[in-house]
Engineer: 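I am attaching a structure below and will ask some questions about it afterwards.
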Number of protein chains: 2
Amino acid sequence: MELKDSSTEDKIKNAAKAVFHRKGFAAARTRDIAEEAGINLALLNYYFRSKERLFVLVMIETLSGFFGSVSVIINNPETTFEEKIEQFAAGYIDLIFREPDIPLFIMSEIRNNPEQLLQKIDIRNTVFNSVFIRQFAESVQQGKIKDQSFLHFMMNFIGLIVFPFIGKPLLKAISGLTEEEFNALIEERKKLIPVWIKAMMN
Amino acid sequence: MELKDSSTEDKIKNAAKAVFHRKGFAAARTRDIAEEAGINLALLNYYFRSKERLFVLVMIETLSGFFGSVSVIINNPETTFEEKIEQFAAGYIDLIFREPDIPLFIMSEIRNNPEQLLQKIDIRNTVFNSVFIRQFAESVQQGKIKDQSFLHFMMNFIGLIVFPFIGKPLLKAISGLTEEEFNALIEERKKLIPVWIKAMMN
DNA sequence: ATTATTTTTAATCATTTGATTAATGTTTAT
DNA sequence: ATAAACATTAATCAAATGATTAAAAATAAT
């Protein structure tokens with residue numbers, strides 16, 4: 001998963017990340033986490049008080065790690081709108097390849113507890129104060145792309161990136177592809193999605 | 001949710017559907033279901049033996065209801081490829097509007113138990129023996145759309161339809177829209193998705 | 001070296017939760 | 001009307017699970 005299994009505390013946190021991501025809060029048992037971490041169950045409560053507090057911690061790190069890496073890309077003042085689209089697609093697909101359980105994990109857990117989890121991260125401002133959204137507006141104004149809802153655009157863009165990971169088990173069953181073949185297909189999308197998105201916008 | 005709360009058995013099954021769809025298998029307690037159904041807890045086991053058997057039953061009905069309605073649209077011999085795209089998008093968005101928890105429910109539970117659940121429904125044949133895929137191939141051959149992977153096409157199409165529902169809590173938080181405003185946005189997509197999809201294919 | 005502090009462990013607790021049981025009530029068949 | 005079958009309920013069970021405790025081990029401070 002990540003790294004740094006030096007301290008017991010880190011061992012537990014990393015194990016918790018893995019187990020929570022894979023099974024979700026409700027299905028994850030503290031004994032699963034302890035076993036994955038290779039530590040005594042009591043240490044989980046010793047270091048983190050409760051399953052719930054450990055979960056919140058994991059969730060905060062997961063969310064900020066996941067959305068934090070967006071921030072860098074969409075606020076780069078050096079790149080054009082088109083370049084950001086390309087970097088965003090490729091960067092995000094790589095990121096999710098490394099931790100493929102995260103999208104479904106985030107969506108599932110937010111469903112179960114929208115308010116509490118969402119206030120932990122100001123994703124709204126990240127998006128709406130970004131260079132990216134300003135460049136989108138400029139491109140519309142300059143007639144480079146046709147006038148359209150930024151939200152539709154974002155839904156489409158993120159949906160194209162994320163959906164194959166969320167629907168992977170189902171899509172593999174439909175297609176009959178192996179893990180490697182399916183991953184290769186997703187890999188292709190790093191280049192294809194920007195092309196499709198541009199086609200949709202004109 | 002559905003209807004027919006005549007018999008106790010149906011009351012329990014419908015309550016189970018609602019609770020499982022909303023919370024998933026692991027987080028759903030049999031007592032939640034009993035309460036939602038307004039019946040004594042023991043009746044759940046009396047009629048359905050166990051939580052797990054009740055869940056499998058709910059899952060089978062959910063999957064066949066969800067994918068069954070696809071079958072009708074994509075195998076209609078009367079409609080063209082383009083018409084199927086329009087009907088599929090509009091029909092599916094309407095369907096999910098009625099039961100918005102289903103996509104995330106299906107994806108989550110399949111992740112937890114891919115083999116066992118997927119063999120219960122031969123989605124693969126539904127798609128690959130459909131009139132729809134034949135018409136796709138024809139359109140490619142006739143040069144109406146450019147040569148491309150059917151699987152990418154399906155991922156894109158389904159992703160555009162389904163993702164706004166899966167990501168709804170997050171997307172609402174990002175956009176700051178109310179429930180009604182967000183639903184109105186999705187409603188627009190019934191017309192927009194076919195346009196986008198066609199743009200992507202050329 | 002000795003003491004104090006921190007970490008780890010095995011055992012145990014209390015609650016939750018899926019499931020069963022035995023008694024009671026209700027419907028159906030004769 | 002009576003018996004048989006079915007449905008419902010309250011009480012209870014057993015296993016799972018999050019959490020705690022008290023003792024032991026390891027580490028740090030003096």
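Given the structure is predicted, the values throughout are model-derived calculations rather than measurements. We name chains A, B, ... by the order of the sequence lines, and we start the count at 1 in each one.
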Engineer: Looking at the side chain of B:Arg31, which of C:dT17, D:dA19, D:dT8 is the nearest nucleotide?
Structural biologist: C:dT17
Engineer: It should be established whether B:Asn45 places a side-chain nitrogen or oxygen under 4.0 Å from OP1 or OP2 of nucleotide C:dG18.
Structural biologist: no
Engineer: Under a 4.0 Å N-O cut-off, is there an ion pair linking B:Lys190 with B:Asp94?
Structural biologist: yes
Engineer: Check for a donor-acceptor pair, side chain of A:Lys11 on one end and backbone N or O of A:Ala34 on the other, with a separation under 3.5 Å.
Structural biologist: no
Engineer: On DNA chain C, nearest-nucleotide positions of A:Ala42 versus B:Arg49: which is more 5'?
Structural biologist: A:Ala42
Engineer: Please check the phosphate of D:dT17 (OP1 and OP2 only) for any side-chain N or O of A:Thr30 closer than 4.0 Å.
Structural biologist: no
Engineer: Can you work out whether A:Tyr46 or A:Arg29 has the more 5'-proximal nearest nucleotide on DNA chain D?
Structural biologist: A:Arg29
Engineer: For A:Leu44, answer base if it contacts any base atom (sugar-phosphate contacts may also be present), sugar-phosphate if it contacts only those atoms, and nothing otherwise; contact means non-hydrogen atoms under 4.0 Å.
Structural biologist: nothing
Engineer: Taking A:Glu35 first and then A:Arg29, would you say they form a salt bridge - that is, a charged N and a carboxylate O separated by under 4.0 Å?
Structural biologist: no
Engineer: For B:Phe48, which contact category applies under a 4.0 Å heavy-atom criterion: base, sugar-phosphate, or nothing?
Structural biologist: nothing
Engineer: What is the separation between atom NZ on A:Lys51 and atom P on D:dA19, rounded to the nearest whole Å?
Structural biologist: 8 Å
Engineer: Reckon A:Ala28 touches a base, only the sugar-phosphate, or nothing at all at heavy-atom distances under 4.0 Å?
Structural biologist: sugar-phosphate
